[in-house]
Each structure stands twice: as structure tokens, then as C-alpha cells.
Amino acid sequence: MKIVILGAGRVGESVAESLVSERNDITVIDTDPARLQALQDRLDLRGVVGNGIQPSVLREAGIEDADMLIACAPLDETNLVVCKIAHDLFNVPTTIARIRSPEFETGAPLLEKTGFAVDQVICPEQSVTAYVRKLVRYPQALQVLEFADGLVSLIAVRAVAGGPLVMHGLAEIPSLVPDVEMRIVAIYRQDKALTELIGTTRIEPGDEVFVLAATREISTVLGALRKMDRPVRRLMIAGGGKVGLRLAREIHAEYQIKIIEFNPARCNYLATQLPPDVLVLNGDATDEDLMTEENVADMDLFLALTSDDENNIMACLLAKRLGAHRVFALINRRAYADLVQGSQIDIAISPAHAVIGELLAFVRRGDVAAVHSLRRGAAEALEVVVRGDRKTCKVAGRRIDEIGLPDGAQIGAIVRTIHDAEGTREVIIPHHDTVIRTDDHVIVFVPHKRMVREVEKLFQVSATFLF
Amino acid sequence: MPAPLAVIALVGRLTVLFALLMLVPLAFAWFNHDRAEHAFVVSTLITAVAGLSMSLATRRFRRELQVKDGFVLVSLTWTVLPAFAALPLMMAIPGLSFTDAYFETMSGITTTGATVIVGLDQLPLSVNVWRCLLVLVGGLGIIVLAVAILPLLGVGGAQLFKAETAGPMKDQKLTPRIADTARGLWGVYFGLALACTLAFRWAGMSWSDAFMHMCATMGLGGFSSHDQSFGYWNSPVIEAVAVVFMMLSGVNFGLYFVATKRRSLRVLWVNAEVRAYVVVMAASVLLIAVYLLAHGTYGSLAEALRHAMFNVVSIATTTGFASLDYAQWPVFVPMCMLLLGCFATCAGSTGGGVKMVRMLLLVKQSHRELVRIVHPSVVNPVVLGGEAVSARVMQSVIAFMMIYGASLTALSMVLVFAGLEPVTAFSAVIACLNNIGPGLGEVGPAGNYQGLSDFQTWVCTFAMLLGRLELLSLLVLFTPQFWRR
């Protein structure tokens with residue numbers, strides 16, 4: 001796929017990084033040659049120096065035969081205009097814009113083909129907020145990802161001794177937690193995926209377990225793999241940036257929130273923007289006295305959401321030492337994230353991954369409704385809509401054991417629309433003999449990125465279907 | 001250094017306009033042959049001549065007014081006009097001293113509604129019309145003052161809403177924006193006034209009574225043409241109409257202006273002050289009704305609600321109508337009503353007192369200080385309507401409250417010193433300083449201010465003026481710095 005990315009900032013960089021590994025042909029446009037050079041040295045892509053809203057620069061970047069344009073310049077205005085130019089002048093089939101302002105949403109009339117021609121809006125702040133919000137709701141989970149409009153969730157959780165399923169084989173699940181349909185799609189032990197999951201595979205403490213289940217069963221699933229903590233009530237947020245503010249605004253009704261922000265002017269702004277039950281504190285989250293004074297020891301959750309990785313890590317380590325129950329850090333650099341995940345810091349939140357899923361859905365072939373990138377990009381979960389029939393598609397109308405998925409890849413859940421009056425959708429946790437039908441939404445877990453192509457091919461409708 | 005002569009030139013012109021206003025009661029007198037024609041003809045002439053000569057004598061000094069002149073202008077207007085307004089009263093009511101007449105007109109023009117006259121029913125119609133008309137004009141004056149002029153002088157509660165109100169009020173220039181704003185406000189005011197008159201007439205008043213009580217209601221003054229006030233009709237419908245329009249007049253008129261401009265009532269609904277006003281009113285009425293019921297004052301909740309609603313709204317909005325002698329109620333209730341009158345109405349309305357917005361800010365400020373004790377590094381500015389209130393404004397609010405408290409105490413002490421019994425003295429000062437009207441004891445709803453000595457009457461007159469001009473704009477005239485070159 002030929003992709004043009006505008007802007008080599010933090011978002012542009014992480015987007016380029018995740019897309020480049022999939023044999024995409026990527027060109028990045030930026031005004032800063034030094035930045036581009038650094039990116040070119042590190043990744044296999046082409047850089048074009050210039051102002052992206054000039055058609056000549058776009059042309060030089062090869063926009064004429066690009067399949068997709070991703071505009072992640074710092075200004076909303078630039079991104080909107082570039083999408084418009086790409087669509088009107090160069091007929092780029094898919095345009096994606098990073099827009100910070102909450103007043104533009106995907107599907108707004110202004111963004112249609114006759115307007116700014118933006119197919120998909122991405123807002124990293126919003127994606128990260130939604131991602132963190134999930135974690136706050138289910139603090140025991142490492143990751144909670146939704147499919148099929150929220151009907152099905154993929155839950156990553158670290159098994160802890162004491163959970164009913166821990167130290168038991170997978171075959172015993174139905175007897176140990178009856179009434180709940182769930183499917184364990186992968187187990188990572190010491191950062192390596194277990195190659196084969198069979199009935200006798202035991203879940204051991206410390207395993208990172210990926211489970212697919214209906215969203216309403218999340219709490220039960222978590223409870224099966226580790227002792228339940230008390231629910232989160234008090235939480236402290238370090239950093240009142242865009243993410244901190246959005247998060248506090250969204251969840252203030254359910255939790256007692258304290259926000260620590262370094263900049264006094266920003267504190268004032270936060271205090272006016274947030275309802276009075278959110279406590280805004282001026283200070284440094286790495287200041288031990290302040291943290292003690294504000295009772296960090298009693299916090300159920302401590303979130304470090306500043307834009308500075310090092311600060312976030314230090315604040316989290318300090319909070320943990322002072323007694324905070326669980327600590328999450330927002331970490332941009334992949335190396336740091338790998339370094340701290342699972343250490344003192346319970347979860348390293350990677351902003352790049354929160355947003356990348358939305359883009360991957362466009363890059364994938366076939367009718368992909370949602371993609372989530374897992375384990376910092378190593379694995380992937382896809383929601384694919386099955387098209388065609390037994391003749392034209394390798395999946396439709398077949399039993400799961402007939403499909404021939406690559407080793408390790410698993411179909412974890414199926415969402416099927418029942419054709420009744422309300423169009424109810426049911427969640428099926430499939431077995432080896434479940435038959436997949438046309439129009440099913442199938443959620444596939446792919447443990448290694450290199451298998452993604454194979455899976456894509458399986459679901460693609462062959463050309464004969466068209467005739 | 002302000003220029004008093006230039007101000008007098010302007011006051012002169014206002015006085016001439018004021019003389020024209022006297023033609024209204026004169027017309028009433030003429031058509032009713034109510035033996036006050038003579039008084040009004042003479043007063044109109046005196047006022048017109050005085051106004052003209054003031055204006056002509058100082059015309060050489062005319063110039064663009066400065067902000068400082070505004071204070072002089074406002075104070076002078078509110079002291080000179082009642083003096084001329086008192087003329088017809090003195091001539092038409094035999095035996096009425098200048099002190100009492102001036103008190104009466106000051107009470108009207110400051111929309112207080114305290115009266116020294118007994119036997120209102122026997123007065124010539126035109127005299128009652130004149131008293132009530134003063135309230136209407138006073139109310140109009142105070143709205144324009146509060147919404148358009150006081151903010152420019154940096155005092156008054158309405159400045160706090162500068163950020164919230166639409167275009168014209170945001171601009172700091174005196175002309176021509178003020179004229180524009182004022183016209184809009186007058187439009188709203190007279191629109192409501194017309195609706196009120198029709199509603200009273202529909203509810204069963206005579207045309208002249210409807211007009212007079214409309215004046216007293218719109219200005220939240222509380223004058224009546226009957227000694228019994230609304231008890232004269234004893235009609236739930238009339239009381240209900242009065243309650244509705246008193247409530248409406250207690251809201252910032254600037255907001256109505258914005259609402260009509262935007263054609264949406266959202267401005268009113270989202271306004272923190274209006275919300276607090278409505279909630280406080282509703283809660284107090286309910287509480288007092290239940291209290292009266294529990295005390296056995298009334299047998300049924302409906303009856304208790306009816307009387308509580310009318311009298312509580314009347315006193316809390318600083319109107320001062322009474323439908324019965326509520327001083328007979330358990331003493332908690334009249335005290336509570338007077339207390340409400342101190343702060344319930346919104347800034348920019350025709351009501352008096354501290355104004356709800358200042359109260360809101362003070363409550364928020366207190367809460368803020370308490371939180372600060374527990375969390376020393378907290379940042380929690382006082383937020384009103386989504387915006388942080390600056391420390392400067394908070395200081396001015398706190399200063400206002402201190403001066404308010406000081407004035408209250410000092411004036412009460414002066415009245416007690418002058419021989420008034422403490423309950424009467426204290427309630428009279430509260431009633432006058434907040435422009436409510438009736439107090440407790442001797443000056444309660446059944447009595448009036450007639451029993452006061454001349455000195456005591458002057459103190460009350462001063463209290464009304466002080467309260468109406470929001471303390472600071474009057475008191476600043478007494479500082480030497482103000483007059484220094």
C-alpha cells in the first residue's frame with residue numbers, strides 16, 4: 001500500500017513506525033529536514049521536505065498514486081486542507097486527518113466528500129483517554145479492547161495465584177466458571193507466547209492471558225484469573241494536559257479525583273474547566289512531601305499522564321513506594337515501555353497504540369471493521385466481516401477446523417446478527433465445529449504480525465465472486 | 001477632579017424631563033377633578049423652571065463627562081429629583097412636612113416602598129399615581145444604572161456578568177453603546193410593565209389600581225393605593241399575578257435583553273445567579289409554608305402556601321407588599337423574610353440588598369478557604385458561570401460586604417441613639433438599606449414610618465439612598481481623594 005504521511009511529529013512518527021513494518025510504501029512530508037533525516041535513518045521510508053499544503057510538494061511525495069493520506073500536522077487547519085487537496089486534486093481514495101478539536105467528528109457533514117473530504121478523524125488525545133478510561137474501570141486488566149461496537153471485548157490480564165482458574169488446565173474452564181462463555185486466545189509466559197493451547201495447558205501465576213468474552217462478562221473473567229481488588233474509588237492523576245483534563249471530565253462523577261499539575265496557569269484553567277468535586281493541586285508529582293500530604297497511600301489508582309516519559313516513570317515509582325495501590329504511566333518511548341511494564345509500574349500506557357488500531361483498519365485488506373494492536377505491536381486482533389459464500393471465500397460456510405488458520409491464530413468470538421425485528425446481535429464463543437456464516441463479524445487473534453497477511457488472504461473474497 | 005458644574009448642567013436637563021413626567025399625575029388629577037390639580041400644576045412649573053435655570057446657568061461648563069463625574073451625577077440625580085417630587089405631595093397633603101414628603105419620594109425613587117402616610121385610600125388618585133410612578137421610574141433608573149453605568153464605574157454586582165452578557169455590555173465605551181443598551185433595557189422593562197398591567201386588570205383590579213400596582217411591582221417598590229396593601233382585595237388570583245411579576249422583576253434585566261436578542265431563554269436558564277435566586281425563593285416559600293402549618297397558624301397546606309408565597313416573595317424580592325399582617329406570624333418567619341430580602345434578588349434587577357451574585361461568590365469563597373486548609377496546594381479559584389472570578393473582583397465583593405455590615409451596624413446604632421426601640425431600629429435599617437420597605441415592630445407591615453422623629457426619618461432616608469446606590473458609589477463622594485485635583 002502506498003501511504004503518504006504529513007507531519008513527522010510524535011503521532012506521525014509512531015504511525016509511520018507501525019505501518020512501515022508491514023511492507024507499506026511510506027512517504028513522510030515535513031518542513032524540518034533534520035527530523036526527517038532521523039526518521040529515514042531509523043525506518044525504511046522516504047522523506048520529502050516541504051509544506052504539505054502545496055500540491056507540488058504532495059506530488060513530489062507521490063500522492064498521485066497513493067492509496068492513503070494520513071495528515072498529522074500539528075494544526076487542525078493544515079490537516080483539513082491537505083485532505084481536501086488530496087481528494088479534489090489527486091483523488092486519493094482514503095484520507096485520514098488528526099483533528100484535535102472535538103467539534104469535528106467522523107461523519108460530520110463538514111467532513112464529507114463535498115466538504116473537507118476526511119474519511120476518518122483520529123484524535124490521539126481522545127483515543128488515549130478512552131483507553132485509560134477502560135483501564136480505570138477494570139484496573140485488574142492490562143488492556144481492554146472492544147469489538148463489534150462494544151459487544152465483545154478482548155481482555156489482557158496477568159494471572160495471579162488465588163484466581164479460580166490459575167493452576168488449572170484450559171479444559172477445566174467450563175467446570176470452574178460455569179455460565180460464562182470465554183475463550184483464552186493466547187498465553188504469554190515470560191514474554192513468549194505459548195505455541196499451542198490445548199486442554200491440558202495450565203495457567204500459571206504471572207502469565208499474561210488474552211481472553212475474548214462478551215463485554216458484560218469482563219468482571220467475571222477478571223475475577224476468574226485473579227483475586228478481585230476493591231473497586232477503584234479514589235484516583236490521582238499527575239499531569240493536567242489534554243489527556244488528564246479529558247479523563248477527569250469524563251469520569252469525575254464516578255470517582256474521587258485529584259489532579260496534580262506543575263504549571264499554575266494551567267491549574268487555574270483546569271479548575272475552571274472541571275467541576276468543583278475534582279481537586280486541582282499545584283505542584284510536582286515527584287515531590288514526596290506533596291504526595292504524602294495528599295495521601296497518595298490511600299489512592300486506588302495513580303495515573304501519570306504528563307508528556308514527559310521520565311517524569312511519569314519517576315512519579316509512578318514514587319507513588320508506588322508511598323503506597324498507591326496500582327500505578328499506570330503514560331510512556332511514549334517503546335524502549336521505556338518494554339523496560340517498565342510489569343515491574344513496579346503496573347501498566348505502561350502507550351499512546352501510539354491507542355490510536356494505531358483506527359488506522360490499521362484502513363490498511364488491512366478485506367472488510368475489516370476494527371483492528372487492535374497488542375503487546376506493543378507484536379500481535380494483533382482483527383474484527384473481520386465475512387463476505388461471499390462457500391465458493392468465493394475460504395471462510396464462509398465452513399467449520400472452523402476446516403479453515404486452516406495459521407498456527408497460533410484463533411477465532412475467538414463471532415458476532416452474528418439474528419434476522420429478527422430488532423436485528424439483535426448475539427455473541428458466539430465458537431468451538432472447532434462452529435460453522436461461520438456470511439455477514440458474521442469474526443474476531444481473530446493473530447499472535448505474530450507476520451501472520452496477518454495470511455489471515456487477510458483467507459478472508460478475502462476471490463475474484464470469481466464478482467461474476 | 002470631577003467637575004460638579006458640568007454635572008449640574010446635566011442634572012438640570014434631567015430635572016426638566018422630570019417635570020414632563022409630572023404631567024402624568026396632572027392628567028389623572030385633571031380628569032378626576034381630585035383636588036390636586038393645583039398642586040401638580042405649580043410643582044410642574046417650579047420643577048421645569050428650576051431645571052431650566054440649572055441647565056442654563058451652567059451651560060458654559062458643559063463638557064463630556066468623565067468616569068469620576070458619573071459618581072457625582074448618580075448621587076446628585078438620586079437626591080435632587082426626590083426633592084422636586086416631594087413638592088406636589090407637600091401641597092396636596094395638608095400637614096405633611098418636607099422631611100416626611102422627601103422620605104416618601106426617596107422611598108419611591110429608590111423603590112423601597114416605605115411610607116409615612118396614613119390613609120392612602122383617602123388621598124387624591126393623582127397623588128397615589130405619582131407615588132407609584134416614582135417607583136416605576138426609579139426602577140428603570142436603577143436597571144440602567146446597574147447594567148449600563150455602574151460597571152463602568154467599577155462597582156455594582158452587574159460587572160461580574162460582563163463576560164457573560166452579549167456584545168453591548170462587553171464594550172467599555174460610554175457612548176453610544178450605553179444609549180443602545182439602555183434603549184434595549186427600556187424596551188424589555190416596558191414590555192413587562194404592559195403585560196403586568198393587563199394581568200392585574202384581568203385579575204380584577206380597576207385600571208388605575210392595575211397601573212399603580214404594576215408600577216410598584218415592576219420597580220419592586222411596594223407602594224400601594226390602599227393602607228391594607230394587597231389585603232384590600234384578598235384575592236388569590238391577584239396575589240398570584242403579583243408573585244409572578246415580582247419574581248420576574250427580581251432577575252437581571254440585562255439577561256432578558258440578551259434573551260430577546262438571541263431569541264432563546266437559555267441565557268436565563270444557564271445563569272448561575274438566576275438559578276440560585278429561583279432555588280432560594282422556592283425553598284424558602286416551602287420551608288415557611290410548612291413551618292406555618294406545623295405551628296398551626298393555618299389549617300391547610302394550601303392556605304399556608306398561598307400566604308407564605310405572596311408575603312415571602314414580596315419581602316424577599318424587596319418589594320414590600322403585604323396581604324396580611326405577617327408580623328403576627330411566629331417571629332422566626334418575619335425575621336427570615338427580612339434576611340432573605342438582604343440578598344435574594346439578582347444584580348441588575350430592580351431589587352435591593354447585597355444581591356445574589358455577591359452571596360454566591362461569598363459562599364464559594366468560604367468553601368474555597370475551607371478546602372484550602374485541608375489541601376494547602378490546591379488551586380480552586382472561585383468559578384462563576386464557567387469562568388474564574390479574579391482576585392480583584394473578590395476583594396471588591398468582600399469590601400462591599402464589610403462596608404455593608406458596617407453601615408448596617410452604624411445606622412442601627414444611630415437610630416437606637418436617637419431613641420428608637422432596638423427591634424424597630426434594626427429592622428428599619430435593614431428594610432431601608434435593602435430597599436425592602438416594611439420592617440418589624442413599629443415599622444412593621446401593620447404600622448409605618450410615621451411615628452419616627454424627623455432625625456430618625458432622615459437617617460432612614462439616607463439608608464435608602466445608600467442602599468440603592470450600592471454603597472460604594474455614594475460613599476466614594478465622602479473620601480477626600482475623590483475631590484483632590
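The figures that follow rest on heavy atoms only: side chains count, while hydrogens, waters and symmetry mates do not. We name chains A, B, ... by the order of the sequence lines, and we start the count at 1 in each one.
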Exercise for the section: Dump the intermediate steps for side-chain contact (heavy atoms from CB on, under 4.5 Å) on B:Val371 and A:Leu279, then the final yes or no. Expected result: CA-CA 9 Å; B:Val371 172; A:Leu279 209 57; 3.8 Å; yes
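Annotation for A:Arg234: atom CZ counts as buried by contact number, over 12 foreign heavy atoms lying within 6.0 Å. By the neighbour-count criterion of 12 heavy atoms within 6.0 Å, atom CZ of B:Arg275 is densely surrounded, having more than that number from other residues, nucleotides or ligands. No more than 12 heavy atoms of other residues, nucleotides or ligands lie within 6.0 Å of CD in A:Glu103, so this atom counts as exposed by the packing criterion. Atom CZ of A:Arg137 has 12 or fewer neighbouring heavy atoms from other residues, nucleotides or ligands inside a 6.0 Å radius. In the displayed structure, A:Tyr269 atom OH is contacted under 6.0 Å by at most 12 heavy atoms of other residues, nucleotides or ligands. More than 12 heavy atoms of other residues, nucleotides or ligands sit less than 6.0 Å from atom CE of B:Met247.
With a 4.5 Å cut-off on side-chain heavy atoms, A:Lys258 and B:His375 count as touching. Residues B:His367 and A:Pro276 form no side-chain contact, since every pair of their non-hydrogen atoms from C-beta on lies 4.5 Å or further apart.
With a 4.5 angstrom heavy-atom cutoff, B:Val382 does not touch chain A via any of its atoms. If you measure heavy-atom distances from B:Val383 to chain A, the contacts under 4.5 Å come from the side chain alone.
Note that CG of A:Asp284 and OG of B:Ser377 are 11.5 Å apart. Values are rounded to the nearest 0.5 Å.
When all heavy atoms are compared, the tightest approach of B:Pro381 to A:Asn268 is CG-OD1, 3.2 Å. Scanning both residues, B:Val378 and A:Leu281, for their nearest heavy atoms gives CA-CD2, 3.6 Å.
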